[in-house]
Novice: 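Please read through the structure below; I'll follow up with questions.
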Amino acid sequence: MKRLRSAPLALAAALGAIVVILFAAGAPPLEAMRVIFEGAFGTTDRLGATLMAWTPLVLAAAGLLITFQAGLWNIGVEGQIAMGAIGAAWMARSVEGPSLVVVPLTLIGGAVFGAAWALIPAWLRTRFRVHEIFSGVALSFVAAAIAVYLIIGPWSRTGVASTSGTDIFDPRAWLPTIGSWRASPVGIGAAVAAVAAVLVLLRGSRFGLRIRAVGRNAESAHLLGIPTQRYLVAAFAMCGALAGIAGTVQATGFHHKLVPSISGGYGFLGVLVVLLAGFRALWIAPIALFFAAIQVGSTQLSLRLGIDSSLAGVIQGALVLVVLIVGGFQVYSAARGPVVTGEGEA
Amino acid sequence: MEVLAGVVAASAPLIYAVVGETITEKAGVVNLSLDGSIMLSAMVGFAAAATSGSVIVGFVAAIAVSMTIAGVVAFSGIALRLNQIAVGFVLFLLAKQLALFFGDPYIGRTGPQVAAWDLPLLSDIPVVGEVFFSHNLSVYGSFVAVIATGFFLARTRRGLEVRAVGERPEAAHARGIPVNRVRYAATLVGGAFVGMAGAAVSLDQIAGWRENLTVNLGWIALAFVIFGGWNPWRVALACLLYRGLLFVAGEFQVEFPEFVQVLTQLPFLLMILALTVLNTERFRVVARRFPRLRPFLAGEAPTALGTTFHPE
Amino acid sequence: MSLVLRNIHKHYGSVRANDGVDLEIAPGELHGLLGENGAGKSTLMKVVSGFIAADSGSIEFDGAPLGVASPRVALEHGIGMLHQDPLVFRPFSVLDNFLLGSAGGVLVDRKGGRSSLAEMAARYGFDFDPDADARSLTVGERQQLEITRLLWRGARVLILDEPTTGISEPQRVKLFAVLRQLAAERLIVIFVSHKLEEVEALCHRVTVMSRGRVVGRRELPTPRHDLVRLMFGDITLGGARPEVTLGDPALSLRGVAARTRGAPLHADLTVRRGEVLGLAGLEGSGQRTFLRLCAGLDPVGSGTIVIGGHDLAGKPYRRFLDAGVHYIPAGRLEEGLIAGLSVAEHFELVGPNRSFMVDRGAADTLAAERIAEFSIKGEAATTAEALSGGNQQRLLMAMAPDHPVLLLMEHPTRGLDLGSAQWVWDRMLRSRAGGTAIVFASSDLEELQRYSDRIAVFYEGRIIAVIPASTATSSSLGLLIGGVVS
Amino acid sequence: GDDDGEAPEDFKFGMILVGPQNDQGWSQAHYEAGLYVVEQLGLPADAMIVLDKVNTADRPETSIESVVDEMVAGGAQMIFATSDDMKDGIEAAAAQHPDIPMIWSSGDSAWADGKGYRADLTNLGNIMGRMEYAKMIAGCAAALTSQTGKLAYLGPLINDETRRLVNSAFLGARYCWENYREQDPSTLGFEVKWIGFWFNIPGFTLDPTQVTNEFLASGADVVISGIDTTEAIVRVGQAFAADEAVWAIPYDFRGACAAAPAACLGVPYFNWGPSYVDAMQSVIDDEFEATWLWLGPDWDDINNPDTSAVGWVSGEGLSAEASASLDDFIAGLGSGDIELYRGPLNWQDGSVFLTDGEEATDFQIWYAEQLLEGIVGASAAE
Ligand SMILES: Nc1ncnc2c1ncn2[C@@H]1O[C@H](COP(=O)(O)OP(=O)(O)OP(=O)(O)O)[C@@H](O)[C@H]1O
Ligand SMILES: Nc1ncnc2c1ncn2[C@@H]1O[C@H](COP(=O)(O)OP(=O)(O)OP(=O)(O)O)[C@@H](O)[C@H]1O
Ligand SMILES: [Mg+2]
Ligand SMILES: [Mg+2]
């Protein structure tokens, strides 16, 4: 509710910020926005590229929504994506066979690896009360290190020790595509399914209801007979699995090999998406699409206007910050209590 | 000797950052934007120095930037009662992207650097002189930062107040300490140090600007604040150890090149380990039984870390 | 030099913590402030000490009105308060605690502080290790430290909020000696307490508060029953209760000791089906621990807790629930309900329905039924925090199984208006008629007497007496609560 | 030639750079080659469509294929993919756009005798400069200057090309150490450390500045950079400014000494311009063929911007007497009197590379299996 009301004002403020930034960058705002839009949706190929970025982003965001609803800051999602990619790469490299066999295996491998990696912060949190932010960040770096180790070590190209990546996977392990379109229907399907599942889970299911109960007030939840720790662990595992699938899409659907920066930063970007969505599942997909469009379209800024594409990140970040702060001001002026992130209908 | 001197010099930026965040967190505020702040201040610092030709201007600009970011964290956390973690995280990403964007024209440019300056007399001391006193002001500054902060927190009235505010704000309030003003002050001061960290990278350690120049430095710093138990001295020690570790990692490469990257992530595993140990019941018991040992065994997080306080 | 409060008002939402309080205290006076739980004593004292700002009203000390409400200002005027839970910094050394907040130069003057501390301590017969951590101090020692500090900061008015809860007998004796000494030094001492005999033993005059107002002033000594009546009002004993024949034991504890530190509870007790056991005592005397132990929420140190024939001591909370135990805590929104979730969702959480998906339609109809049955003012979609205290209590009761074996309640009617309170008890007595054993804690003597079969009186973590409610008089209870076993 | 056809007004070409176009290194060298082409062929200023930082870390959402798509969509009639890192992408893109001529610099996909030959990709040619010679010169300059006799090589990642360049630098250094400094070759220290990529990707590669520190710490006094960026010269410049007797030799880009002129012994650099002009001219004349070109310096003037594919400019750090010897060395290389890839030469593991008097073939040099005996450092991952 609150966020809905603040939306128009926030959007106005955000747009203002963006325009200011564009001016500072010496770019004609309207032109730049048009270029970005065309770059994202102008042709079917570009639409494909945009969806290619949307897929891992929305998967990560959907997973994060679960952990956020459970009151967890699963910053470690980046590492869970990387681990998922590693699991998928492992499958792709070790299993010979037709796509029908290998592709599902890579997806499963990714999900399992991602979930397993997410269980570490879960365990540290429930057993040792280690805050998931720090264990998560640490584990993300460790995951990245493992990826690099595999790339220049055991999985390196013969005679080569380069972080530019492993050998290309056997095409039968690639996510299948249609024609020249790079976005894989399988990946997109997985993403749509994930969002739908999370939506149902958090809004419709008893499980989701309990997750939210635990996230809002673990003590009360315990009193009502909910095994809170088990639900925290479950939330981590689910987010990890979805992140792992995102990693799989990155590895077998996009790069077709394992590269060091395999997560593509979609985990962190996913956090932004969820924050901007105000923790509501329905908004995840469109906002993720919006972010993916900015991300992909911004390449055109370099190509056509000679503006550095990192402007995309600036716009995304500024947007979320402004919305947060505007929302804060409204609560503030409404003289209400502290805004606890994690609240808001799922 | 050369090696140790190199380690000491390389630790400077990290030390600035960790000391800054320590002050902030001691007052009960978490500035999660560190990694972005450092990168942006490194970029701005270099840009300012390159344009003005003055290293001083560079440092000032860097400090201004990261103080602004810290100010946003403090304001939205204290005044707007927003979740400090959320705001800090968004600022982390935003600042990072701003650095990439506005830094683009400065990539590969050469600008002024902090001039080397052997401390008279001190640098003549045999071993110590070469290791500690044959660097430049930026590096010496990191020593000062540690010593000054250690002294401030342990010996000065304001320092005691900062810790009080982070430990039990209502009790501080009952003693007439302006809780939120102190928190603003501490967050801004911490932010200033973070700016120093950025400038120390782009104007000294890796003189110049390149995208992701300082990446991970902020996260490492956040980790080391915990690892160092919110104690400036231990925190600084952790930084030196870390840098030493990296050096050793480099030496390992000839034998097994592929392990280097893994080794560079070692501190994070160490941090998890540290956190885990600190939280085990047995450890608490030990710490309780030997209060004298506590400062060395484990630092305790400021009790009110990340909370807000509002006198009715 | 006297302290004068005029028409102090302080509201917390709908709660009128202070509702037009006037108070005047002369120098050298030991002034007692009595009142039941929630009477508004602490609030009033916090206002005086500048810790919180009053909504309206004025405070004069020494003829001069106190300006802006802040502890700093109050301290500068010489008004210092010892809070109910002494506000020390546990990880800091005694010395730093002593010095913290004092004016001075840039540096902490530990050398000077050390000697001042020693000097002050000597003067009042206290004894501190300046370098020990405050966390190593007992509650009593923390009080002593705070008192020493306040006096050193030049307090002329010393407020003590329930200073004797949780301190040892010798410490109490010493404390009283010091307070008398201070009064002799022409300081004003305000002594907040529930414990009659302490007030009688110590104070010159006493003010009694109830529901945010001053309901009486007395010069001491004065007959005790007089004070009791002021505090708890006239109690019409023996409210009509349907007689029920008691069944077999629902709950029996043998040599139970709590493991949680700070609540050294020891209990031997049996409650039979259909019986109502009231728990009396000052807050923090062990009633809460007792209830949480019986609910399976706190770890048991030793002993057996037999419920429905099985020893559940050390068993997981789930087992207690399955055994038919239901606990309704005092902190309704903190530890009972979940802010942000709707009434319907609360019913879903405890509902028997085990299907994976939530059937919203069914949930809403169920919620509607319950709302009607428990006459909750709110809709199925209303979120818990949006309910009034009384309705939150109704919701909590509506979430309870219809006929639990054992119903545990903490302050069942605190903050409820008379109507709601009556309604709550009607419900409870009905399930009692259905064979439920009820154990409830309350600080309302009338409630205890009217609804209990037996009353267990807690004092400093022990059950010092279990008396039939019929034989209990408000004064005899008041005495027991104050720890006076005749 | 003079019978060259005129470039059509709307002729466009794409330039894909792996690093920042202003990195003072590899990528900038290519970028400026692009500008040179535009100027030489009198193309409109917007004829070059550039995208820099095309790597998975900087542009997670873009792939070489999609960049090529975009450039073709933007009217590019020719594509330059300028990094060994782009192998997979550019080969896929070439297959998808068979009618668009492309150059993959530093690759071997068009070398009929090469290991990576792709006969099917008739639109993908390769261009590479014989940087070996310039690296030999660099090694020589280092050996002529070093006082500690310890040389360090800041390596990027490990592959045929990088091993090849390290070996060449080592050979040059050893020759000059022996013949001009008149020292026992076994007393020459030569260590290489690999950071893991062509430039620093923090967190994923080693930090070149840190590695340079370690070199200096371990007593090396000349650091030869093999990476695309300038950390080595910058760091060494700082030490030099602090009166340490240390020097550096940057790489790739003619202007790279600017970072710290006084400490710079010189720079071996690529001059892609002329070869790119030829390639594009052949496209304009519709005569493009996917060939593999490995172009050496113009020995008459290795710094001739219009003829020499690789070059060497000496820096201020090089003493007069040293540069005299260096000129002699260069002359020797040019005349063929000095042939460094002649046996006996052993691989690092002691196995024989070249028997006595045997001269290495292009194939042997290009696909350097290992580092040479006498070099300290990793030859491969394991
Ligand atoms: N403990 C502290 N550490 C750092 N800065 C502080 C601290 N306390 C106050 N400040 C800063 O100093 C300013 C003045 O604070 P404060 O009101 O405590 O001082 P004062 O009351 O004017 O003087 P004094 O405290 O000496 O009586 C505040 O705005 C705050 O930003
Ligand atoms: N911070 C607060 N927020 C909301 N309500 C409060 C707050 N503090 C006190 N109250 C309410 O004000 C009323 C008076 O509280 P107060 O603590 O003054 O009572 P008291 O006389 O000290 O009780 P006790 O003897 O149990 O300490 C109570 O109803 C309490 O619930
Ligand atoms: Mg009270
Ligand atoms: Mg009380």
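All figures in this text were calculated on a predicted structure; none of them were measured in a lab. Sequence lines set the chain letters: A, B, ... in the order given, protein chains first and strands last, and positions in each chain run from 1.
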Novice: Determine, step by step, whether Phe92(C) and Arg168(B) satisfy the side-chain contact (heavy atoms from CB on, under 4.5 Å) criterion, reporting the C-alpha distance in whole Å, the side-chain angles of both residues, the deciding distance to 0.1 Å, and the verdict.
Specialist: CA-CA 11 Å; Phe92(C) 293 9; Arg168(B) 202 173 173 188; over 6 Å; no
Novice: Leu100(C) versus chain B, heavy atoms under 4.5 Å apart: side chain, backbone, both or neither?
Specialist: both
Novice: Which bit of Ser136(C) comes within less than 4.5 Å of chain B, counting heavy atoms only: side chain, backbone, both or neither?
Specialist: neither
Novice: For a quick test of reading the model, state the closest non-hydrogen atom pair linking Phe89(C) to Ala164(B) and the distance between them.
Specialist: CE2-O, 3.3 Å
Novice: Please name the pair of heavy atoms, one in Ala154(B) and one in Arg110(C), separated by the smallest distance, quoted to 0.1 Å.
Specialist: O-NH2, 2.7 Å
Novice: Could you look at Asp109(C) and say if it's the side chain, the backbone, both or neither that has a heavy atom under 4.5 Å from chain B?
Specialist: neither
Novice: With chain B as the partner, which of Ser49(C), Ser102(C), Gly80(C), Ala69(C) has the greatest number of non-hydrogen pairs under 4.5 Å?
Specialist: Ser102(C)
Novice: Just how far is it from atom CZ of Arg90(C) to atom OG1 of Thr303(B), taken to the nearest 0.5 Å?
Specialist: 7.5 Å
Novice: Ignoring hydrogens and angles, tell me if any N or O in the side chain of Arg175(B) forms a donor-acceptor pair with the backbone of Gly101(C) under 3.5 Å.
Specialist: no
Novice: If you count heavy-atom pairs under 4.5 Å between each of Glu170(B), Glu167(B), His173(B) and chain C, which one has the most?
Specialist: His173(B)
Novice: Crowded around Arg153(C) CZ? As in, over 12 foreign heavy atoms under 6.0 Å?
Specialist: yes
Novice: When you look at Arg157(B) and Asp96(C), which way does the salt bridge (charged side-chain N to carboxylate O under 4.0 Å, His left out) test go after all the steps?
Specialist: CA-CA 10 Å; Arg157(B) 248 176 74 244; Asp96(C) 287 355; over 6 Å; no
Novice: Give me the atom names and distance for the closest heavy-atom approach of Leu87(C) to Ala174(B).
Specialist: CD1-CB, 3.6 Å
Novice: Out of curiosity, Leu160(B) CG to Leu107(C) CG, how far, rounded to the nearest 0.5 Å?
Specialist: 11.5 Å
Novice: Please give me the minimum heavy-atom distance between Pro71(C) and Gly176(B), naming the atom from each residue.
Specialist: CB-N, 4.1 Å
Novice: Measure Asp55(C) against the heavy atoms of chain B and call it side chain, backbone, both or neither at under 4.5 Å.
Specialist: neither
Novice: Does atom CD1 (Ile85(B)) have a neighbourhood of more than 12 heavy atoms from anything else shown, all under 6.0 Å?
Specialist: yes
